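What you see is a predicted model; the values in this text were computed from it and never measured. Because only heavy atoms are used, hydrogens play no part in the values below, and waters and symmetry mates are left out as well, while side chains stay in. So you know, we letter chains A, B, ... as the sequences are listed, proteins then strands, and number each from 1.
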Amino acid sequence: MSNIHVTTKINGDPTEYLCAPDETLLDVLRDRLGMTGSKEGCGTGDCGACSVTINGRLVCSCLVLGAEAEGAEIETIEGMADGDQLHPLQQKFIEHAALQCGICTPGILVAAKSLLEKNPDPTEEEARYWLAGNLCRCTGYDKIIRAVLDTAADLRKAS
Amino acid sequence: MRYLAPTTLDDAIQLLSGDPGDCRVLAGGTDLLVRLRSGDAEPDSILDIKRIEDLRQITKEDGGWLIGAAVSSAEMNEHAELKAAYPGVCEAADLIGSTQIQGRCTLAGNLCNASPAADSVPAMVAVRAVARVAGPNGTRDVAVEDIPTGPGKTSLEKGEFVASIFLPAKPDRSGDAYLRFIPRTEMDIAVVGCGLSLTLDNDGTCTDARVALGAVGPKVMLVDAAAEALIGTKLDDAAMQALSKACSDAATPIADKRGTVEFRTHVAGVLARRAAAIAKTRAEG
Ligand SMILES: Cc1cc2nc3c(=O)[nH]c(=O)nc-3n(C[C@H](O)[C@H](O)[C@H](O)COP(=O)(O)OP(=O)(O)OC[C@H]3O[C@@H](n4cnc5c(N)ncnc54)[C@H](O)[C@@H]3O)c2cc1C
Ligand code: FES
Ligand code: FES
C-alpha cells in the first residue's frame, strides 16, 4: 500500500503529509501531525468528538479520508485560541462550567463556532439541533447550551 | 487499497469499469467509511467522485432539478429555490444524521447504500425521481425505486454508478412531504418513513398522488392503493382514513428492538395521513 502525498492548509498553515489510502483525517491529525485536540470517541460518526471544518463545512474527521483533504482548508480546535487569548466560546465554557471530563469539549467548541458563524442569533432549539451530533456523557448539555447562547449574545453586542 | 480521485466523469467511468477488483464509489463516506472501519467492506480501490465538478452542481433541467451525486444534504438545504420546489425531498435529506453527517452525505449515497430505512429514498420515490446512471455503455435513466433491490443490494451493473438524481418538473398546485418516526428527536434510524406527493386542481380535488414507505419492507415500497385512496377526492376525512388503511395494509415490517410489527404497521398509516396534510397545505401554496 503506497502512501499518498497531500497538501493542505490547517488552521491557516500550509501543511503537507503522507497518509495511507484508508487512513482517516482524524488519524492523520492525531498520529501524523501530533494535533491531538480532535478526539476519537466512536470512529463511526456518532459522537462528534472529532469535529473539524473542511472548507468551512463542519464534518466528523473520523469519516473523512486523509487523502480527501488535498487542496482543502481545515480548521481544528488547535486553531481556535489566538495564542494565549481564548476564543469567546472557550472563555464562556469555563465560566459556565460547560465541561467536566472534557473529551467532548474540542468537538463541541468547533461545532458551536461553526454554528455562530452561520447563525449569530440561534434559538435554544436551533443550538440543540445543531449540536445533536456532539455527545456529552458528563454535563447533561444544559450548561453547554447556555454557554453557547451567552457567547452568541456577547458577540452580537460586540459587533 | 487504492484511492482514486478522477476529475472528469469519463475518467471516473473508465476507472470504475476498468478496475479488475472491488472498487467502491466514495461520495460523502458516511456509510462507506463506517464499513471500512468495521471490516464490513474491504475494497481494492475507492473512487472518490467529489472532485468531478459536474457532480457537485445543482442545476435546473426541463423545469425540474438535477442534483449531482457529490452534492451534500447541507448544500441542498442551502439552495432556496430547490427547497421551495421540493420541500419533501430536502427535509428528508435534512433528517439524515447530524449537522456533521449532513455536511457530507448525498442523496445518491443514501440510495446506493440500499438501507430499507434510508430517509431520502421514499421522498425521492414520491416525486418520481430518476437516477441518472453512468457506465461504460453510456447513460441510462432508472426510476429511483428500481435502484435498491433489497437490503444492501442495488440493480447497478459492474462499472455503473449514479451520476445524478433528477427531480422532474411537477404541475402547479403540487406538494411533497416526508415524515419519519424515531424514538428520539435527532440522530436515529427511521422506524417507519413516509414520502408523499400530491397535485390538486383548482377546486381542491386531488388529481395525482404518490405514496412511498420506508423501513416496513426489504426496500422502499411504492403503495399504489394509497395513491388511489387520494386521487379524485378532496382529501376529506374518509380519504385520509382510506390512505392510512392502504399504507398499514401494504406494510410488511419486521420486528426488532426499534419497533414491533404491530407498531410499525400502525405508524405507517399515521405518518401517511400527516404527510398528506402537509403536502396538501404546500400544494395550496
Ligand atoms: C451517525 C450517522 C447517522 C446517520 N443517520 C442516518 C439517518 O438518519 N437516515 C439515513 O437515511 N441514513 C443515515 N445515516 C447513513 C448515511 O449517512 C446515509 O445513508 C448517507 O446518505 C450516505 O451518503 P454518502 O454520500 O455518505 O454515502 P457513501 O458512504 O459515500 O456511500 C454509501 C454507499 O453507496 C455507494 N455509493 C455512493 N455514491 C454512489 C454513487 N453515486 N453511485 C453508486 N454507488 C454509490 C458507496 O460505494 C457505498 O456503498 C447515518 C450515518 C451515520 C454515520
Ligand atoms: S470519533 Fe468521529 S464522530 Fe465519534
Ligand atoms: S464533559 Fe465529559 S463527555 Fe462532555
Note to self: Less than 4.5 Å to any heavy atom of chain B: does that hold for the side chain of A:Leu58, its backbone, both, or neither?
What the structure shows: both
Next item on the list: Spell out, as yes or no, whether a donor-acceptor pair under 3.5 Å connects the side chain of B:Glu53 to the backbone of B:Thr7.
Entry: no
Item checked: Main-chain N/O of B:Cys90 paired to B:Asn77 side chain as donor or acceptor, under 3.5 Å -> yes
Check: Looking at B:Val34, B:Thr30, B:Leu36, which makes the most heavy-atom pairs under 4.5 Å with chain A?
Finding: B:Val34
Check: Tell me, do B:Val267 and B:Val191 make a side-chain contact under 4.5 Å, heavy atoms counted?
Finding: no
Next item on the list: Keeping the roles fixed (side chain from B:Arg180, backbone from B:Asp119), state whether a donor-acceptor pair exists under 3.5 Å.
Entry: no
Notebook entry, point to check: So which part of B:Leu32 gets closer than 4.5 Å to some heavy atom of chain A, the side chain, the backbone, both or neither?
Noted result: neither
Check: Ignoring hydrogens and geometry, is there a side-chain-to-backbone donor-acceptor pair from B:Asp44 to B:Asp22 under 3.5 Å?
Finding: yes
Check: Any idea which of B:Arg104, B:Lys50, B:Met187 has the most non-hydrogen atom pairs under 4.5 angstrom with chain A?
Finding: B:Arg104
Item checked: For B:Ser120, the option from B:Asn110, B:Thr106, B:Asp94 that meets side-chain hydrogen bond (donor to acceptor under 3.5 Å, both in side chains) -> B:Asn110
Item checked: Close approach to chain B in residues 32-51 of chain A, criterion heavy atom under 4.5 Å -> A:Glu40, A:Cys42, A:Gly43, A:Thr44, A:Gly45, A:Asp46, A:Gly48, A:Ser51
Item checked: Rounded distance (nearest 0.5 Å) linking atom CG of A:Leu18 with atom CD1 of A:Ile4 -> 9.5 Å
Note to self: Quick check on the structure: residues of residues 62-95 of chain A within a heavy-atom distance below 4.5 Å of chain B, by number.
What the structure shows: A:Cys62, A:Leu63, A:Val64, A:Leu65, A:Ala67, A:Glu68, A:Glu70
Check: Would a 4.5 Å heavy-atom cut-off, applied to side chains only, mark A:Lys113 and A:Thr53 as touching?
Finding: no
Notebook entry, point to check: Ignoring hydrogens and geometry, is there a side-chain-to-backbone donor-acceptor pair from A:Thr15 to A:Asp13 under 3.5 Å?
Noted result: yes
Item checked: Interface residues of residues 125-137 of chain A facing chain B - heavy atom cut-off under 4.5 Å -> A:Tyr129, A:Trp130, A:Ala132, A:Gly133, A:Asn134
Check: Side-chain contact, heavy-atom cut-off 4.5 Å: B:Arg2 with B:Asp19?
Finding: yes
Checklist line | salt_bridge(B:Asp256, B:Arg264) N-O dist < 4.0 Å | finding: yes
Notebook entry, point to check: Taking only residues at least two apart or on different chains, which pairs with a member in residues 57-66 of chain A satisfy salt bridge (charged side-chain N to carboxylate O under 4.0 Å, His left out)?
Noted result: A:Arg57-B:Glu78
Check: Taking the side chain as C-beta and beyond, is there a heavy-atom pair between A:Tyr17 and A:Thr8 under 4.5 Å?
Finding: yes
Note to self: For A:Gln100, I'd like to know if atom CD has over 12 heavy atoms of other residues, nucleotides or ligands within 6.0 Å.
What the structure shows: yes
Next item on the list: List the steps, then state whether side chain to side chain donor-acceptor pair (under 3.5 Å) holds for B:Tyr3 with B:Asp48.
Entry: CA-CA 7 Å; B:Tyr3 170 79; B:Asp48 186 355; 2.6 Å; yes
